[in-house]
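The structure appears right after this line, and notes come after that.
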Amino acid sequence: MNVGAFTLATAPLLSWVAIGLLAAVSALVLGFGLLRRARGLPWRAIAFAILLAALVNPSMVQEERSPQRDIAIVVVDESPSQRIGDRQHATETALAALKDQLARERDLDLRIIRAGKPQAGAGDDGTRLFAALDRAMSEVPRQRLAGVVMITDGQVHDVPSGDASALKEAVGAPLHVLLSGQPDEGDRRLVVDQAPSFGLVGKELKLTIRVEDLPLPKKQEGGPTAQARVTWRKDGGTPHPVMVPIDRDVPLPVVIDHGGPNVIELEVEPGPQELTLNNNRAVVVVNGVRDRLRVLLVSGEPHAGERVWRNILKSDPSVDLVHFTILRPPEKQDGTPIRELSLIAFPIRELFDVKLDEFDLIIFDRYSRRVIPQAYLENVARYVRNGGAFLEAAGPSFGTPLSLARTPLGTILPTEPTGDVFEEGFKARVTDPGRRHPVTEGLSGAGPPGGEPTWGRWFRQVEARVHHGTTLMSGDHDDPLLVLDRVGKGRVAQLLSDQMWFWARGFEGGGPEAELLRRLAYWLMKEPDLEENDLRAAVEGDRLTVTRQSLEPDDRPVTVTAPDGSNQSLTLSPDTGGRSIGSLPIGEMGLYRVTDSSRTALAAAGPLNPVEFADVRTTPEKLAPVVAATGGGIFWVGNGKMPEIRRISPDRAAAGRNWMGLRANGDYTVTGFSETPLLPGIASLLLIVGGLLAAWRREGS
């Protein structure tokens with residue numbers, strides 16, 4: 001039994017069984033005396049009672065108690081949505097008022113936890129206040145917890161779930177919420193409902209978007225549908241505006257035109273009510289993949305290198321090769337009857353008219369001006385200008401009147417033959433621009449600048465003059481050997497020798513023919529990693545790395561635009577090949593835009609469309625179940641009005657109109673105690689003897 005700081009304790013001198021037996025014997029003796037109507041019975045009862053009490057050995061224990069201060073935890077929301085409007089000011093004002101009121105409580109300690117600030121490299125978890133609260137409560141004894149106060153806009157994304165008892169147990173004290181915003185807020189947002197992560201190159205991809213004006217208006221049948229302008233662009237290119245109805249799913253077709261990441265930016269114009277423009281924008285990254293690289297290889301005649309071209313192309317599982325070799329040119333007349341020929345007719349019309357646009361790359365290997373009519377060669381030239389890819393491996397006929405330069409293809413070829421063909425041993429050399437171009441930069445065996453390559457020799461080269469394009473490799477007499485050019489929307493490459501097969505056969509050590517052809521084919525297919533003049537950006541941990549690829553040295557600084565719109569200049573340092581690299585630390589999640597006035601690169605830090613900005617309106621709905629389960633209250637403090645704070649007993653209501661309560665738990669620790677016997681041995685003996693003498697005297701009188 002507790003009486004203030006005093007406690008009654010016992011230390012029996014005999015076992016409780018023995019004391020119980022003695023009590024029973026005493027009751028029998030007293031009962032017998034009662035039947036005999038003994039006159040000293042009361043004194044005997046007193047003596048027996050004192051004897052039994054002495055055997056129980058009672059004592060009074062006095063505890064020395066040290067009162068423990070209660071603890072109130074205040075969780076301050078520092079998430080990005082708290083920076084909207086005056087929420088941050090309202091939060092700090094409410095926190096200052098709390099600290100001022102609670103400073104008057106002598107038995108209360110205040111612990112302030114700031115949480116919700118996004119970290120670079122973190123996932124898209126939104127505002128996590130309860131995770132921070134759990135960490136703080138792990139250091140606080142539950143019997144000392146007076147209450148929890150959250151100062152937030154209500155957009156909390158880790159609210160615990162469960163029934164009322166589970167929610168009450170999760171917090172363990174009254175939870176009060178101070179909302180930093182205003183009721184009845186409105187906002188417009190852009191929602192990307194469906195966005196595939198991958199898309200086939202050259203195919204149309206459909207995104208599903210929706211513009212919402214929150215709170216959503218009640219739909220009226222037959223009324224006019226409001227519209228909003230959505231602007232989208234891909235890879236920082238030309239903006240495309242489109243009008244979309246409000247609160248309806250709208251398909252948006254986008255063509256994936258290259259492999260690798262395709263960054264699609266979308267933005268909707270401001271609405272009638274706006275809290276922030278952050279959720280008026282969305283970013284989608286679609287990785288372009290090629291279903292199959294369809295290649296048409298036309299060999300003008302059988303030769304030693306024909307099989308090498310075929311083997312290299314067939315070794316790539318992503319290449320779907322269609323190969324034709326012209327075995328019997330039209331001018332060949334040897335008297336063989338037509339019925340005895342087993343050769344099939346070359347499907348010229350089907351390849352160069354009907355199915356021409358189905359090919360991703362067309363290669364002419366030692367082809368001369370014959371078999372294919374001029375009109376179909378004009379189709380090939382038009383195919384390139386419209387975005388196709390063409391590669392010619394020139395044979396000796398390129399320097400003759402049968403040269404492709406004298407056909408409609410001559411309008412897209414980067415060189416013009418002089419008529420000479422060199423047939424002497426030479427080693428292909430990478431030119432200075434070639435050492436900066438991704439197609440030939442770092443080829444194994446190229447040797448140092450000005451040095452001798454370690455790969456084998458070739459023995460034939462067609463002399464030609466370059467009238468446009470970039471020469472990546474030179475050959476005999478330093479004449480151009482490999483020339484690349486852009487024509488309209490397409491690309492052209494020309495190899496002025498038909499003896500790459502010497503490398504494949506390992507002559508004089510061979511050479512990197514497979515790697516060269518792979519890079520060449522993917523450059524023709526506009527692979528982003530092989531662009532010779534490009535700007536790239538990537539987020540690595542907490543740093544933004546910018547890489548510029550250029551054929552000419554370029555020391556211009558780039559401008560980095562952070563997600564919040566601030567600009568910063570970054571100087572790039574020369575690296576290997578044609579690359580220049582620079583990096584800077586970042587501390588904010590979102591989309592970073594890098595530009596050097598001619599090119600733009602995008603890089604995402606963290607989630608592109610964070611859940612934090614999915615809905616930025618201040619709301620009590622998410623926290624209401626936990627508040628109700630713990631007996632707390634929800635108060636709007638965006639207008640500067642603070643609720644009164646009261647100290648309450650643990651069994652009383654913790655919230656009411658314009659007031660919130662913090663429990664006064666009254667917890668303590670025992671620092672010491674003293675024990676005082678209630679029936680000392682000598683006193684007990686004297687009382688027992690005295691009681692027995694009084695009974696004897698009473699009965700003897």
Side-chain angles (χ1 to χ4, degrees), residues 120 233-239 257-265 283 285 287-288 430-443 446 448-449 468-473 482-486 489 491 493 515-516 518-520 522-563 565-588 590-605 608:
R233 59 181 176 180
K234 184 162 63 66
D235 297 328
T238 305
D257 55 8
H258 65 78
N262 292 255
V263 182
I264 303 168
E265 301 174 80
V283 180
V285 177
N287 287 294
V430 179
T431 64
D432 290 339
R435 293 185 181 276
R436 299 182 65 89
H437 200 292
V439 170
T440 49
E441 184 262 328
L443 278 178
H468 46 76
T470 304
T471 302
L472 303 189
M473 300 181 75
L482 176 62
V483 184
L484 274 56
D485 192 22
R486 298 168 185 256
K489 297 180 181 179
R491 301 187 180 189
E515 178 65 14
L516 176 60
R518 186 193 67 82
R519 295 188 193 180
L520 194 56
Y522 282 101
W523 177 86
L524 289 166
M525 296 309 305
K526 304 175 184 176
E527 182 68 27
D529 290 341
L530 292 169
E531 291 294 313
E532 67 271 28
N533 291 299
D534 195 20
L535 188 67
R536 305 170 197 136
V539 174
E540 301 172 352
D542 59 351
R543 299 190 69 84
L544 173 69
T545 301
V546 180
T547 304
R548 176 163 50 207
Q549 174 72 47
S550 60
L551 289 181
E552 299 292 336
D554 190 350
D555 58 358
R556 291 177 300 164
V558 298
T559 301
V560 179
T561 303
S566 60
N567 293 326
Q568 184 176 354
S569 180
L570 175 64
T571 301
L572 308 183
S573 302
D575 198 60
T576 59
R579 291 183 294 275
S580 299
I581 298 178
S583 67
L584 53 81
I586 57 174
E588 185 177 0
L591 189 68
Y592 287 81
R593 185 183 302 272
V594 182
T595 181
D596 61 358
S597 73
S598 59
R599 291 176 294 272
T600 300
L602 305 173
L608 292 175

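Atom set for the values below is all heavy atoms of this structure, side chains included, hydrogens, waters and symmetry mates excluded. These numbers come from a predicted model, not from an experiment.
- Counting only heavy atoms from C-beta outward, the side chains of I264 and V283 never approach each other to under 4.5 Å.
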ask   = Can you list the steps and then say if V560 with N567 is a side-chain contact (heavy atoms from CB on, under 4.5 Å)?
value = CA-CA 6 Å; V560 179; N567 293 326; over 6 Å; no
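- We find that E265 and R233 are joined by a salt bridge, their nearest charged nitrogen and carboxylate oxygen being less than 4.0 Å apart.
- Salt bridge present: E515 and R518 bring a charged side-chain N and a carboxylate O closer than 4.0 Å.
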task = Apply the test side-chain contact (heavy atoms from CB on, under 4.5 Å) to residues V594 and T600: give CA-CA distance (whole Å), side-chain angles for both, the deciding distance (0.1 Å), then the verdict.
result = CA-CA 6 Å; V594 182; T600 300; over 6 Å; no
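- Counting heavy atoms from C-beta outward, L443 and R519 have side chains that approach closer than 4.5 Å.
- At least one side-chain heavy atom of P563 sits less than 4.5 Å from a side-chain heavy atom of Y592.
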message = Working note: V558 + T571, criterion side-chain contact (heavy atoms from CB on, under 4.5 Å); need CA distance, chi angles, decisive distance, verdict.
response = CA-CA 6 Å; V558 298; T571 301; over 6 Å; no
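- Taking each heavy atom of R491 and W523 in turn, the nearest pair found is NH1-O, 2.9 Å.
- A446 and V430 make their closest contact through CB-CG2, 4.0 Å (heavy atoms, listed as atom of the first residue, atom of the second, distance).
- The side-chain heavy atoms of P553 and R436, taken from C-beta on, include a pair separated by under 4.5 Å.
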task = Determine, step by step, whether L602 and D235 satisfy the side-chain contact (heavy atoms from CB on, under 4.5 Å) criterion, reporting the C-alpha distance in whole Å, the side-chain angles of both residues, the deciding distance to 0.1 Å, and the verdict.
result = CA-CA 7 Å; L602 305 173; D235 297 328; 5.8 Å; no
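- Taking the charged nitrogens against the carboxylate oxygens, K234 and D257 do have a contact shorter than 4.0 Å, which makes a salt bridge.
- The distance from the NZ atom of K526 to the NZ atom of K489 is 8.5 Å, given to the nearest 0.5 Å.
- Not a single donor-acceptor pair under 3.5 Å links the side chain of D575 to the backbone N or O of S580.
- A salt bridge is defined here as a Lys NZ or Arg NE, NH1 or NH2 lying under 4.0 Å from an Asp or Glu carboxylate O, and E532 with R486 meets this definition.
- For the pair N262 and V285, the minimum side-chain heavy-atom distance is 4.5 Å or more.
- T595 contributes a side-chain N or O that, together with a main-chain N or O of R599, makes up a donor-acceptor pair within less than 3.5 Å.
- Using a distance-only test at 3.5 Å, with no hydrogens or angles considered, no donor-acceptor pair links the side chain of R593 to the main chain of A603.
- At a threshold of 4.5 Å between non-hydrogen side-chain atoms, the residues I581 and T545 count as touching.
- Salt bridge annotation for E531-R548: absent, with no cationic side-chain nitrogen under 4.0 angstrom from a carboxylate oxygen.
- Side-chain N or O atoms of T431 include one that pairs as donor or acceptor with a backbone N or O of L472 at under 3.5 Å.
- Side chain to side chain, N533 and S550 fail the donor-acceptor criterion of an N or O pair below 3.5 Å.
- Between the side chains of R536 and T547, no donor-acceptor pair is found at a separation under 3.5 Å.
- Minimum interatomic distance between G582 and L572 (heavy atoms only, all atoms of both residues): N-CD2, 3.5 Å.
- Within 6.0 Å of atom CG in D432, 12 or fewer heavy atoms from other residues, nucleotides or ligands are found, so the atom counts as exposed in its surroundings.
- The minimum heavy-atom distance linking L520 with A493 is given by the pair CD1-CB, 3.9 Å.
- In this structure, the side chain of D554 engages the main chain of R556 through a donor-acceptor pair within 3.5 Å.
- At a threshold of 4.5 Å between non-hydrogen side-chain atoms, the residues L516 and L482 count as touching.
- Judged by distance alone, with hydrogens and angles left aside, the side-chain atoms of T559 form no donor-acceptor pair with the main-chain N or O of S569 at under 3.5 Å.
- Using a 4.5 Å heavy-atom threshold, the side chains of L484 and V439 count as touching.
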